[in-house]
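Reading through the structure tokens given below for one structure.
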Amino acid sequence: MKRSQLFLPTLKENPSEASIISHRLMLRSGMIRQSSSGIYSWLPLGYKVLKNIENIIRSEQNLISQELLMPTIQDSEIWKKSGRFNDYGKEMLKFKDRHEHELLYGPTNEELITDIFSKNVVSYKSLPMCLYHIQWKFRDEIRPRFGVMRGREFLMKDAYSFDENKEDAIKCYNRMFLSYLRIFKKMDLKAIPVAADTGPIGGDLSHEFIILADTGESDIYLDKNILGENIPNIKYDEPLAISDLVDKLTSYYTAADDKHNEDIYIKSVKENDRLKTRGIEVGHLFYFGNKYSKPLEANITNTDGQNIPVEMGSYGIGVSRLVGAIIDAHNDDKGIYWPESVAPYMFGIVNLRQDDNACRELSDSIYNNLRKSNIEVLYDDRNEGAGIKLAEMDLIGIPWQIRIGPRGVKNGYFELMNRETGKTVEVDVNEANNIAKNKF
RNA sequence: CGGAAUGUAGCGCAGCCUGGUAGCGCACUGGUCUGGGGGACCAGGGGUCGUCGGUUCGAAUCCGGCCGUUCCGACCA
């Protein structure tokens, strides 16, 4: 993409509506614009990042689950059956269609997926089954804030598992646990599992995945040693190895303020290992048995020929929130530095002198070569001053900056800079076609 | 929902106290110069001052209602 063609409205100054860093940077880098409180439009740059995050999630979830797509608008009937039509409270947006039929904008999908399951699956032979979708949700928060971190409309990945018995359901829960660890790792985030309350979803087993960040919404107490744990190279069809991993990670003391117990904390964690910080919840696992399958009559016939309600769990990831969380973990005084896995463009070409023939020819040639190799590249081809272009490229956080100016071109080289480290190397113009392979 | 701010050009703000019909910086348009970190100069364009009503000869300014947005708290992916 050429910068001259891209709809990228960047801002030099911090908008007054934004107080935290990720929100400011998303507005300044032209990723989002607010529509109303807690509701945002995603502009091209932000939308590219959002889609990249979705695809990372898909790449892991598809190994253990099948993607489908449920609607944003749901019928109130199934919610009345589960009892949540009233229980969910004012956060749920309800309205009526022209026939006075009661509808709602889905805040989550347990009822709907259970309904689909109950009408189409009858036997244990179809299990285990796990289904997910990535869809917009609406929760009418009391106080939306911090941009996409607590929006009212937000994009969520929600998966739902169906098993014959609790043992299998826990295996699925553990697979999700591993899948989440890998998903967040791929985004260059350190997510730690924390035992959680089940809230309105319900159930008796639940973990949140928390990104440590000063701008987080809740206080987190933990044993520092969990941060040193690596994700072992195990497969999703090794339930024992996965179970060992889950046991190991959940054996560390980690708690959000609502579950924190100071006495246990002091007793079980050495003083030097204690860390109190703030965190952002980016994922949540629930096992809730037959909480929904019972009222919605999602029964299966088991091996003994009996009809029993299916065992369920649900597993969410805040996709749009992750954009903010990643920025929170990847910014400096100049702007964002994206992890390569989610970056909107891998390379940014800064032609420092667009009116110089030699510079333009080299820039054009590198641009065309990268495009031919299907590598995402943003080419700043505008006739602007160097400072403007460099500052903007820093702000929007493209991981690799290719800087082409007369000084270098005259001597047969251009510069390649890593946005995160600032490390810069001079690259011979004859090596221009190989930069994608050996960045350095 | 309790507490507190705020609404003036695309963005950031001043003007309001003490009423006299709107200004600054950035951005934008045309031009000249400049050219490796948001450059300089010249010439321009853009605002029913959130909205409705009241007071007044006259309201961005004073008074009232409504709406929007934000921050702190309780609540949550």
Side-chain angles (χ1 to χ4, degrees), chain A residues 9-20 23-24 27-28 30 33-39 88-92 106-110 134-159 180 196-201 206-211 216-218 256-258 279-286 314-325 333-335 350-356 359 380 382-395 401 403-410 414-415 417 422 424 426:
Chain A
T10 57
L11 303 172
K12 207 171 190 176
E13 290 174 278
N14 285 321
S16 57
E17 72 196 55
S19 59
I20 68 156
H23 190 194
R24 282 181 183 171
L27 290 165
R28 285 191 55 207
R33 285 295 180 265
Q34 186 174 74
S35 158
S36 77
S37 180
I39 302 178
Y88 212 93
K90 285 189 166 178
E91 283 193 0
M92 188 157 74
T108 178
N109 285 56
E110 280 82 7
I134 297 177
Q135 177 63 291
W136 293 91
K137 305 290 187 286
F138 191 90
R139 294 183 190 173
D140 201 355
E141 296 287 341
I142 300 168
R143 187 152 92 84
R145 57 182 135 177
F146 304 147
V148 301
M149 302 296 278
R150 174 156 299 284
R152 291 192 293 171
E153 188 183 56
F154 60 97
L155 189 61
M156 181 163 102
K157 186 285 304 183
D158 38 326
Y180 277 29
D197 275 336
T198 52
I201 307 288
S206 180
H207 286 91
E208 292 174 350
F209 283 78
I210 306 271
I211 304 297
E217 289 192 86
S218 43
D257 38 16
D258 54 337
I280 302 163
E281 181 186 346
V282 290
H284 206 148
L285 310 179
F286 299 93
S314 73
Y315 316 90
I317 290 180
V319 181
S320 45
R321 172 179 284 182
L322 272 170
V323 180
D333 57 338
K334 289 177 178 164
V350 181
N351 184 356
L352 297 160
R353 284 293 299 275
Q354 189 63 22
D355 59 350
D356 180 285
C359 290
D380 196 339
R382 297 171 303 170
N383 195 13
E384 295 282 356
I388 289 175
K389 293 183 169 190
L390 292 168
E392 183 181 278
M393 206 58 91
D394 286 346
L395 174 67
Q401 282 180 24
R403 299 172 162 192
I404 295 166
R407 207 168 64 199
V409 169
K410 206 188 324 175
F414 59 90
E415 285 145 40
M417 189 194 87
T424 306
E426 292 176 355

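The figures here come from the full heavy-atom set of this structure, side chains too, leaving out hydrogens, waters and symmetry mates. Order of the sequence lines fixes the chain letters, A, B, ..., with proteins taken first and strands second; residue numbering starts at 1 for each chain.
- Comparing B:A74 with B:G65, their P atoms sit 30 Å apart, to the nearest whole Å.
- The residue A:Ser16 sits close only to the backbone: its heavy atoms come under 4.0 Å of sugar-phosphate atoms, none of a base.
- One interatomic measurement links the two molecules: CG of A:Leu11 to C1' of B:C28, which rounds to 14 Å at whole-angstrom precision.
- Spacing between atom CG of A:Asp355 and atom P of B:C33 amounts to 12 Å, rounded to whole angstrom units.
- Put simply, CE on A:Met149 is 11 Å from C1' on B:A77, counting in whole angstrom units.
- Within 4.0 Å (heavy atoms only), A:Asp158 reaches no atom of the nucleic acid at all.
- Using a 4.0 Å heavy-atom cutoff across all strands shown, A:Gly405 reaches at least one base atom of the nucleic acid.
- Under 3.5 Å, the side chain of A:Glu13 and the base of B:G25 form at least one donor-acceptor pair of N or O atoms.
- Residue A:Lys389 contributes atom NZ, which lies 15 Å from atom C1' of B:U34 at whole-angstrom precision.
- A gap of 23 Å separates the C1' atoms of B:U51 and B:A4, to the nearest Å.
- Interatomic distance, A:Gln354 CD to A:Lys389 NZ, rounded to the nearest 0.5 Å: 5.0 Å.
- In this structure, A:His207 has its ring center no closer than 6.0 Å to that of A:Phe209.
- When the C1' atom is used for both B:G20 and B:G15, the distance is 14 Å, rounded to whole Å.
- The residue A:Glu281 sits close only to the backbone: its heavy atoms come under 4.0 Å of sugar-phosphate atoms, none of a base.
- Spacing of C1' atoms, B:C17 relative to B:G25, comes out at 25 Å, to the nearest Å.
- As rounded to the nearest Å, B:C24 and B:A14 have C1' atoms that lie 7 Å from one another.
- One N or O on the side chain of A:Arg33 and one on the backbone of A:Leu27 form a donor-acceptor pair closer than 3.5 Å.
- Nucleotides B:G47 and B:A22 are separated by 9 Å at their C1' atoms, to the nearest Å.
- With values rounded to the nearest 0.5 angstrom, A:Ile211 atom CD1 is found 10.5 Å from A:Arg321 atom CZ.
- Within the nucleic acid shown, A:Asn383 comes within 4.0 Å of at least one base atom, counting heavy atoms only.
- Taking atom P in both B:C67 and B:U48, the straight-line distance is 24 Å, to the nearest Å.
- Between the base of B:G37 and the side chain of A:Asp394 there is a donor-acceptor pair shorter than 3.5 Å.
- A:Glu17 has no carboxylate O lying under 4.0 Å from a charged side-chain N of A:Arg145, or vice versa, which leaves the two without a salt bridge.
- B:C11 atom P lies 12 Å from atom CD of A:Gln34, rounded to whole Å.
- Look at CZ on A:Arg382: it is 12 Å from P on B:A27, rounded to the nearest Å.
- Among the heavy atoms of the strands lying under 4.0 Å from A:Gly151 is at least one base atom, whether or not backbone atoms are also near.
- Between A:Glu208 atom CD and B:C75 atom C1' the separation is 14 Å, expressed in whole Å.
- With both ends at atom C1', the span from B:U29 to B:G10 equals 14 Å, rounded to whole Å.
- Within the nucleic acid shown, A:Ser320 has no heavy atom closer than 4.0 Å to any nucleic acid atom.
- The distance between atom CD1 of A:Ile142 and atom P of B:A77, rounded to the nearest whole Å, is 12 Å.
- Using a 4.0 Å heavy-atom distance criterion, A:Arg28 is classed as a base contact.
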I'd like to know whether A:Gln34 forms a side-chain hydrogen bond (donor to acceptor under 3.5 Å, both in side chains) with A:Ser36, so could you lay out the CA-CA distance, the side-chain angles of the two residues, the decisive distance to 0.1 Å, and finally the verdict. CA-CA 6 Å; A:Gln34 186 174 74; A:Ser36 77; over 6 Å; no
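- Within 4.0 Å of A:Asn14, counting heavy atoms only, lie sugar-phosphate atoms of the nucleic acid but no base atom.
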